[in-house]
Amino acid sequence: MTVPTRSRVALVGLLTAGTISDTGTRVSTVTLPWLVLVSTGSPTRMGLVAAAEMLPYVLISALGPPLVDRLGARRVSITADLASAAGMLLLAATYHLGFTALLGQVALIGVLRGLGDNAKRAMAHPTIAASGVSMARVSAIDDGLHRLSILVGAPAAGVIIAWFGITQAILIDAATFAVSAAVVTALIPASIGRPAHTAATAREPYLKALGIGLRHLRSDQVAVGIFTMMFVINLFNQASVAVYIPVWVDRVVDDPAALGAISGALALGAVVGNIGFAIAANRLPRYVTFTLGFLIGGAPRFLAMAFSHDLLVVVAITFVSGIALAAVNPIIAATILERTPPALQARMFGLATAVSWASIPIGGVLGGWAASALGLTAAITLTGLLYLLVALTLVVRPARWRRLDEPPPTVAASTDADPVRT
């Protein structure tokens with residue numbers, strides 16, 4: 001087997017492991033709230049369970065990367081996935097013991113999943129570089145597989161729960177973590193996942209390691225702009241997913257199946273868009289594609305719900321929005337990969353997740369308040385217009401964003417643990 005072939009196998013292995021793990025996560029995303037609903041009947045407790053997993057996930061994304069760097073991304077990925085599998089097995093056996101115990105177990109699983117996801121992202125740069133495939137193309141494929149896991153995982157969870165029960169759904173999630181660990185073990189060579197630090201820097205203090213990552217982030221204004229925009233956009237998106245869409249469906253359509261139709265339309269559009277972007281990624285200008293993605297994929301789907309009572313219209317516009325948004329995440333991922341030294345990959349992607357997702361718990365609360373205080377139509381309209389204003393900053397102040405098309409800085413090729421000082 002030639003070296004390029006082994007490198008391509010490693011890339012396929014990384015993408016496969018991530019997709020399997022993502023699909024299992026989508027199953028648990030449906031299963032755990034349903035478990036709480038049928039056992040307690042409390043929507044409030046459903047929200048607490050979701051927060052119990054998401055908050056530790058966000059925190060460990062920010063605080064865990066130095067540990068990933070020190071121990072090695074491959075080792076952390078395998079260990080975290082195996083521990084997650086064990087945690088899900090324990091949950092399947094003990095979820096009936098009480099709500100407090102359930103919260104603690106879900107929080108632990110959130111920590112482990114955050115570590116595992118961060119480790120896989122840290123392996124992306126060396127794996128892609130060794131394969132010879134462009135960063136933008138692989139990022140598009142990876143995002144498409146992520147969207148596909150959403151499209152498949154959530155409906156599959158409903159079928160599994162209906163046919164086999166909640167315990168079996170949790171066990172299947174445990175199995176996906178175990179399979180993910182096996183794929184990484186078998187297909188990704190140990191050389192890719194070794195600790196990023198040399199022997200001279202291996203004893204680098206934990207807080208210093210975090211500080212180096214933060215200094216690198218502050219020095220990269222493109223990354224700062226991306227993370228800030230994603231913080232705001234995720235705020236709007238969470239308000240839509242958690243409040244606007246369910247309430248709109250309840251009041252206008254009065255058919256729970258419409259929830260799946262709208263979310264499925266966005267995911268299906270994203271999968272179609274990812275296929276197209278993966279083919280054309282090397283020929284498309286990033287700035288223009290990124291800008292059109294937000295302009296077409298953002299405000300229109302909010303305003304469609306605000307001004308139309310026709311489900312087909314909303315689904316059609318949402319599908320087009322999914323196609324437009326498909327290029328956004330791959331461009332972000334490729335840009336961060338290219339602009340970040342390999343030694344700082346885990347820290348930068350950890351910070352990206354922590355900053356970008358920090359607004360998610362807030363979005364649902366603000367969306368609920370806006371819908372109650374202003375009325376649903378006014379709240380959706382206001383959010384859509386704010387989304388449009390944020391997207392227009394890409395056009396009105398283009399200087400920073402046009403740097404998306406610039407060649408990556410030479411510092412990104414460095415393995416220096418502290419690139420800010422070079």
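Just the heavy atoms: all of them, side chains too, but no hydrogens, waters or symmetry mates, feed the values below.
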Qualifying residues under side-chain hydrogen bond (donor to acceptor under 3.5 Å, both in side chains), relative to Ser77, sequence neighbours excluded: Lys120
Distance, nearest 0.5 Å, that separates CG of Leu312 from CD1 of Ile317: 11.0 Å
Side-chain (Ser21) to main-chain (Ala17) donor-acceptor, under 3.5 angstrom: no
Donor-acceptor contact present, side-chain Ser372 to main-chain Trp369, <3.5 Å: no
Rounded distance [0.5 Å steps], OG1 in Thr127 versus CG in Leu14: 5.0 Å
Arg74 side-chain N/O to Ile188 backbone N/O, donor-acceptor pair under 3.5 Å: yes
Sub-6.0 Å ring centroid separation between Phe227 and Phe231: no
Side chain Arg301, main chain Gly297, donor-acceptor under 3.5 Å: yes
Distance, nearest 0.5 Å, that separates CG of Asp173 from OG1 of Thr176: 4.5 Å
N/O donor-acceptor pair under 3.5 Å between Asn234 side chain and Met230 backbone: yes
Closest heavy-atom pair and its distance - Val12, Thr16: O-OG1, 2.7 Å
Backbone N/O of Gly225 and side chain of Thr228: donor-acceptor pair under 3.5 Å: no
Heavy-atom closest pair, residues Val111 and Ile60: O-CG2, 3.7 Å
